[in-house]
Amino acid sequence: EAQVTQNPRYLITVTGKKLTVTCSQNMNHEYMSWYRQDPGLGLRQIYYSMNVEVTDKGDVPEGYKVSRKEKRNFPLILESPSPNQTSLYFCASRGRGTGELFFGEGSRLTVL
Amino acid sequence: RKEVEQDPGPFNVPEGATVAFNCTYSNSASQSFFWYRQDCRKEPKLLMSVYSSGNEDGRFTAQLNRASQYISLLIRDSKLSDSATYLCVVNSGSGGYNKLIFGAGTRLAVHP
């Protein structure tokens, strides 16, 4: 089954404790992206990657890092989480030449 | 001003009703337009692309008005299962499909 898998789905952590949200897709998509979704603001792009070892900032990259060492994986790293990073995070991928994004089920992160 | 703006709703309609949502975008260079659907606490999924000449998919009709910079979604014969949040999505105008801008969504509640 074609899918995008994120882990963890739910996480409560404390300020400053590094965490990683993993994302993996099995559709051989070159493009992957991370979004955060907050009430009234919609989905905002954090980082995206057009291929292995190629990443670029989205609209809200501050406080986040990403890496793309393999085509299928695109982890999101919060080196020192802060409460304003409490949000619902979605990873997405898409095939070449199409605007259809396939999203993971989301990761709800709470930073205390 | 937000790049993509939607009426947040909620739109409360009875089964069988016809309902229309509008979405305005600010970047006149935008070329690609989509409607996504997001069920409560779930990931967004592509509902339909929006083409220049307008397009229909069953009970759903999408229209684009470039002169006024808005797109619309019309749902005919609403079903209970249409209850969801509808997200308007527009490419940033300079990044192809790499930077898709999401509206905050319009919530639809269909009641018996």
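Below, read A as the first sequence line, B as the second, and so on, with proteins coming before strands; counting in each chain starts at 1.
With a 4.5 angstrom heavy-atom cutoff, B:Gln6 does not touch chain A via any of its atoms. Contacts of B:Pro8 with chain A are absent, with no heavy-atom separation under 4.5 Å from either backbone or side chain. For A:Gln45, the part lying under 4.5 angstrom from a heavy atom of chain B is the side chain only.
At least one donor-acceptor pair closer than 3.5 Å links the side chain of B:Tyr36 to the backbone N or O of A:Leu101.
In terms of hydrophobic clustering, with Ile, Leu, Val, Met, Phe, Trp and Tyr side chains grouped at heavy-atom distances under 4.5 Å, B:Val90 and B:Phe21 are assigned to a common cluster. B:Leu108 and B:Leu74 fall into different hydrophobic clusters, where Ile, Leu, Val, Met, Phe, Trp and Tyr residues are linked whenever their side-chain heavy atoms come under 4.5 Å apart, directly or through other members. Cluster annotation: B:Trp35 and B:Ile75 are assigned to the same hydrophobic cluster (Ile/Leu/Val/Met/Phe/Trp/Tyr, side-chain heavy-atom contacts under 4.5 Å, transitive). Cluster membership check: B:Phe34 does not share its hydrophobic cluster with B:Leu73, using side-chain heavy-atom separations under 4.5 Å among Ile, Leu, Val, Met, Phe, Trp and Tyr. With hydrophobic clusters built from ILVMFWY side chains whose heavy atoms lie under 4.5 angstrom apart, B:Phe60 shares a cluster with B:Phe33.
Note on A:Gly40, A:Pro39, A:Ser33: by heavy-atom pairs under 4.5 Å with chain B, the leading option is A:Gly40. The residue among A:Gly106, A:Gly42, A:Gly99, A:Gly97 with the most heavy atom pairs within less than 4.5 Å of chain B is A:Gly99.
Within a 6.0 Å sphere centred on CZ of A:Arg96, other residues, nucleotides and ligands contribute 12 heavy atoms or fewer. Crowding of A:Lys71 atom NZ: a count of heavy atoms from other residues, nucleotides or ligands under 6.0 Å exceeding 12.
Residue-level contacts of residues 4-17 of chain A with chain B do not occur; threshold 4.5 Å between heavy atoms. Within residues 49-70 of chain A, the residues having any heavy atom less than 4.5 Å from a heavy atom of chain B are, in residue-number order, A:Met50, A:Lys57, A:Gly58, A:Asp59.
Summarising the geometry, atom CZ belonging to A:Arg94 is positioned 12.5 Å from atom CG belonging to B:Leu46; distances are rounded to the nearest 0.5 Å. The distance from atom OH of A:Tyr35 to atom CG of B:Leu100, rounded to the nearest 0.5 Å, is 5.0 Å. Remark: A:Leu88 CG to B:Arg41 CZ distance equals 9.5 Å, nearest 0.5 Å.
Considering all non-hydrogen atoms of both residues, B:Lys42 and A:Phe90 come closest at O-CZ, 3.7 Å.
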